[in-house]
Amino acid sequence: MSEETKSLNFIEHIIEEDIQNGLSKDKLRFRFPPEPNGYLHIGHTKAIGISFGLGEKYKAPVNLRFDDTNPAKEEQEYVDAIKRDIAWLGYEWANELYSSDYFQTLYEWAVQLIKDGKAYVDSQTSEAMAEQKGTPTQPGVDGPYRNRSVEDNLDLFERMKNGEFEEGEHILRAKIDMQHPNMLMRDPLMYRILKKHHHRTGNDWCIYPMYDWTHGESDYIEQISHSLCSLEFKPHRELYNWFKEHVYGYASKELPMLPKQREFARLNLSFTIMSKRKLLKLVEQGIVSGWDDPRMPTISGLRRRGYTPNAIRHFIERVGVAKRENVIDVSLLEFCIREDLNKSAPRVMAVLDPIKLIVTNYPEGKEEWLEAENNPGDETAGSRQVPFTRELYIERADFKEEASNKFFRLKLGSEVRLKNAYIIKGEHVVKDANGNITEIHCTYSTDTEKKVKGTLHWVSIKHAIKAEVREYDRLFMDEAPDSHQDRDFMEFINPNSLKTIEAFVEPSLADVSIGDRFQFQRLGYFNVDDDSTPEHLVFNKTVGLRDSWAKQKPKPQQNQNHNKPQQQKQRPAIEVIKQLGKKYTNLPEAKQEKSKAEILKLAEEVSYDDLQPLFNTATKKVGTRIATMIALGVLLKNGLQRNDDINSFIAKALEDKNELLVNEASAL
RNA sequence: UAACUUGUGGUGUAACGGCAGCAUGGAAGAUUUUGAAUCUUCCGGUACAGGUUCGAAUCCUGUCAGGUUAACCA
């Protein structure tokens, strides 16, 4: 893969431009700054992929920095989990760092800022300060402590640090501009008193710096060249720059480079929530078994589910980087894991919903061990032996007494292949008192060269191993569970997201290890769960195989509702008409007819005032004029009075070179 | 109602004024001891208008539509 053929995303363009403008490549430095207050999820992998990916691309260091400035929410457990997840994804950080490492420096700089008259201690209640802050549409007003003397500020701040005050009594804020259009610039908080134990600094501090003050300065201390974060931090950039420019005056010798914050759109996945707070709620309420429940979108959940680091990295590459709000379909993630596992996972046979199959012409007591390929796409994968006997299990769904030609599976009177074994023919069925099939009787033929339409997987009853299989469905029934203002995301939880099945697997799986991944042929990819023991095997269904047969069958009623986006964009009719018009002349005739019909319909909702401005449409934009003409026709038919504007619009159209336009005009 | 920001096939993302491409998705066919995979073909797009230009997805203006921002969270 040559470097040139790969197109750059907008961040890479920025970096290339900076290099063009003289930034030395060895000054490039990135960081990934999680707060250790929860587990990493699939959304974080985008940020991880961007920063660590850039590090790999430019051979630049990437720091892992824990943004641990709020001791109330942060724990060592999360630090450990985050490190494990990033390492598992295959990324290496240059330095493991903590914002709390910089508390002393930050404190000293804050004192400097006070001395320079750029920060002050405020002693009001948070409510009073919120009041003065104004709203996005209304400017704020200065508070009563804004002009405290430098001496008072220094004294109070020192005493805050020494623990002389209770939480909430005083805070330190930057002195910027209470009337600033950007609310973050209205004297933002820099320090609050928090008498909490910190997971690293213990009880050394009782004042803790806020995000905006800490984050940019940590970037600066680490000499990060490009500080990349998600779009919601865009408004913070102005403040980020304000702080960094002021601090630069105190340290420009030792720390010559000013970092640059840039923002990208974060990842949204359909049918998934991506908020740590909400994920925590699922854990706390026992909706899932923990942060690593295979249904969770956390990295540890995906890992336990059987996802590979490779698949996740490919997913992130395909998702791309831009500033546009996006919703990625989960099916892309599923594609990525299938793609990876298809290459690497050994094939085996397992029956999840068994029905007994008796091969009546196969001798009782006989047993053959047949050769089976481990991976047809990979010759080096070798083969194994599977036992064949007179009594087998096959999948209940693989048999019907009667069915159409479209059903390629076992029917009475017709033949299918048993994978790796013989061709069989359905003969008759045994039913219980309720009419349920309990046994299928068939005969076999050793002519395996025969062409048959269907191939079934199976296991020998005598040799099969019982195993627990956990099958997962999406956790939420709604495409965007946390996007509804009027409904809580918990309302959309899928009550049937976990199905536990007692399955039968082929004997070669007797000695699997936790984490091993397989393809259960014709069913999907499965891995060995952490709960698995040699006595009691447990498999997770990672993802099913692509199933074009399932699409042909009538869809089960219930999943109708989680298909369509419920808030279809309702654009004004005139907008749609314009859009149809723009393309009108490029369309083949049949489609023009369709467009015209649509315009005729939409025109019913259009008023003369909507349409009138289009009379001035440039001569060369014929399509728009045609659409306007068609719509005008409808309005005239509905009783609109002709006027000079209309008449001259029609007259001009009649002189046009375009036949379609002339036709529409003369029709009026 | 303010400031900032974003509009390219169903979805995501390229094209830095010059052939709208890639991936996913959907459809059809070939192949097949997995209704998988593989291979081939097809479907489908620059929000709208005006302007600048030989030439606009790209630059300018306006309109429309989304998003973000008012925690002693990050």
Side-chain angles (χ1 to χ4, degrees), chain A residues 6-9 13 33-35 37 67 69-70 72-74 125-126 129-130 133-140 167-168 170-171 173 180-184 186 189 191-194 208 210-212 214-215 229 231-238 263 265 270 276-277 317-329 331-332 335-336 338-339 342-343 347 349 372-373 376-377 406-409 417-421 423 448 451-457 519-524 544-552 569 571-572 574-576 578-579 581-582 613-614 616-618 621 624:
Chain A
K6 221 175 158 196
S7 59
L8 305 179
N9 64 46
H13 278 296
E35 183 188 10
N37 67 342
D67 221 337
T69 58
N70 185 359
K73 293 204 288 185
E74 294 149 9
T125 62
S126 58
M129 284 187 278
K133 203 160 190 177
T135 69
T137 50
Q138 286 188 314
E167 291 184 11
H170 305 283
I171 51 100
R173 50 199 306 201
H180 202 286
N182 182 347
M183 290 202 68
L184 286 159
R186 322 239 257 234
L189 268 63
Y191 278 93
R192 77 287 213 191
I193 298 169
L194 239 34
Y208 289 92
M210 301 287 290
Y211 165 83
D212 285 296
T214 312
H215 194 92
C229 58
L231 233 35
E232 67 258 39
F233 290 98
K234 178 68 213 278
H236 293 250
R237 185 149 118 197
E238 201 169 10
E263 309 83 9
S270 62
K276 278 194 220 173
R277 208 192 78 237
E317 275 169 33
R318 285 189 170 94
V319 159
V321 183
K323 291 192 202 176
R324 181 160 41 138
E325 290 292 324
N326 59 75
V327 182
I328 311 290
D329 203 304
S331 62
L332 183 64
F335 165 82
C336 291
R338 283 192 197 107
E339 180 192 40
N342 177 45
K343 283 180 280 188
R347 273 58 172 170
M349 293 196 284
E373 272 181 310
K406 289 239 188 153
F407 185 78
F408 297 169
R409 309 175 184 189
R417 181 187 305 281
L418 291 179
K419 178 87 185 164
N420 306 314
I423 306 269
T448 58
K451 287 265 183 243
V452 291
K453 266 213 166 149
T455 302
L456 308 186
H457 59 275
Q519 187 196 88
F520 289 1
Q521 282 181 118
R522 303 213 303 133
L523 296 174
L545 257 26
R546 214 170 138 252
D547 190 354
S548 48
W549 165 241
K551 277 183 238 161
Q552 314 225 338
K569 279 185 235 164
R571 303 184 57 206
I574 189 69
E575 288 296 318
V576 182
K578 284 196 279 187
Q579 189 164 14
K582 190 176 170 189
L614 294 178
N616 300 322
T617 301
K621 304 209 169 174
T624 303

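Here the structure is a predicted model, which means the values were calculated and not measured.
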Remember a base hit wins even if backbone is also touched, and classify A/Gly168 as base, sugar-phosphate or nothing at under 4.0 Å, heavy atoms.
-> base
Strand partner of B/A70, provided both Watson-Crick or wobble distances fall under 3.5 Å | none
Using only side-chain N and O atoms of A/Lys323, determine if any of them is under 4.0 Å from OP1 or OP2 of B/U68.
-> no
Donor-acceptor pair (no angle test) under 3.5 Å: A/Glu263 side chain, B/U5 base | no
Measure the CZ-NZ distance between A/Arg186 and A/Lys133 for me, rounded to the nearest 0.5 Å.
-> 8.0 Å
Does any nucleotide pair with B/G55 by Watson-Crick or G-U wobble geometry, both distances under 3.5 Å, and what is it?
-> none
Parallel, tilted or perpendicular: rings of A/Phe233 and A/Tyr211 (30°, 60°) = tilted
Please give, in whole Å, the distance from B/U34 C1' to A/Lys453 NZ?
-> 16 Å
In whole angstrom, give the distance that lies between atom NZ of A/Lys578 and atom C1' of B/G62.
-> 11 Å
Would you mind classifying the nucleic acid contact of A/Tyr208 as base, sugar-phosphate or nothing, using non-hydrogen atoms under 4.0 angstrom?
-> nothing
Please work out if A/Lys582 contacts a base, only the sugar-phosphate, or nothing of the nucleic acid, heavy-atom cut-off 4.0 Å.
-> sugar-phosphate
OP1, OP2 of B/C73 versus side-chain N and O of A/Thr69: anything below 4.0 Å?
-> no
Answer with base, sugar-phosphate or nothing: what part of the nucleic acid does A/Lys276 contact at a heavy-atom distance below 4.0 Å?
-> nothing
Nucleotide B/A70, atom C1' - distance to CE of A/Met183 in whole Å | 4 Å
Any strand is fair game: report the nucleotide pairing with B/U40 by Watson-Crick or G-U wobble, both distances under 3.5 Å, or none.
-> B/A28
How long is the line joining CG of A/Leu332 and P of B/G10, in whole Å?
-> 17 Å
Under 4.0 angstrom, heavy atoms only, what part of the nucleic acid is A/Thr617 near: base, sugar-phosphate, or nothing?
-> sugar-phosphate
Would you mind classifying the nucleic acid contact of A/Ala265 as base, sugar-phosphate or nothing, using non-hydrogen atoms under 4.0 angstrom?
-> nothing
When the distance from CG of A/Asn616 to C1' of B/A49 is rounded to whole Å, what number comes out?
-> 10 Å
Would one find a side-chain N or O of A/Arg192 under 4.0 angstrom from OP1 or OP2 of B/C73?
-> yes
When the nearest nucleotide of RNA chain B is assigned to A/Lys234 and to A/Val327 on a heavy-atom basis, which residue is associated with the more 5' position?
-> A/Lys234
Side-chain donor/acceptor contact of A/Arg347 with base of B/U34 under 3.5 Å = yes
When all nucleic acid strands are considered with a 4.0 Å heavy-atom cut-off, which category describes A/Phe335: base, sugar-phosphate, or nothing?
-> sugar-phosphate
Which residue lies more 5' along RNA chain B, comparing A/Asn9 with A/Pro613 via nearest heavy atoms = A/Asn9
Taking only the side-chain nitrogens and oxygens of A/Ser126, find out if one of them lies under 4.0 Å from OP1 or OP2 of B/A71.
-> no
Report which part of the nucleic acid A/Phe407 touches: base, sugar-phosphate, or nothing (heavy-atom distance under 4.0 Å, all strands).
-> base
With a 3.5 Å cut-off and just heavy-atom distances, do the side chain of A/Arg546 and the base of B/G35 make a donor-acceptor pair?
-> no
Counter-base of B/C64, judged by Watson-Crick or G-U geometry with both distances under 3.5 Å = B/G7
Atom CD of A/Glu325 and atom P of B/U69: how far apart are they, to the nearest Å?
-> 10 Å
Counting any heavy atom closer than 4.0 Å, what does A/His215 reach on the DNA or RNA strands: base, sugar-phosphate only, or nothing?
-> nothing
Have a look at A/Lys406 and say if it touches a base, only the backbone sugar-phosphate, or nothing, with a 4.0 Å heavy-atom cut-off.
-> base
Protein-nucleotide distance (A/Asp547, atom CG; B/G26, atom P), rounded to Å = 11 Å
A/Lys343 NZ to B/A37 P, straight-line distance once rounded to whole Å | 14 Å
Presence of A/Arg186 side-chain N/O under 4.0 Å of B/A70 phosphate oxygens OP1/OP2 = no
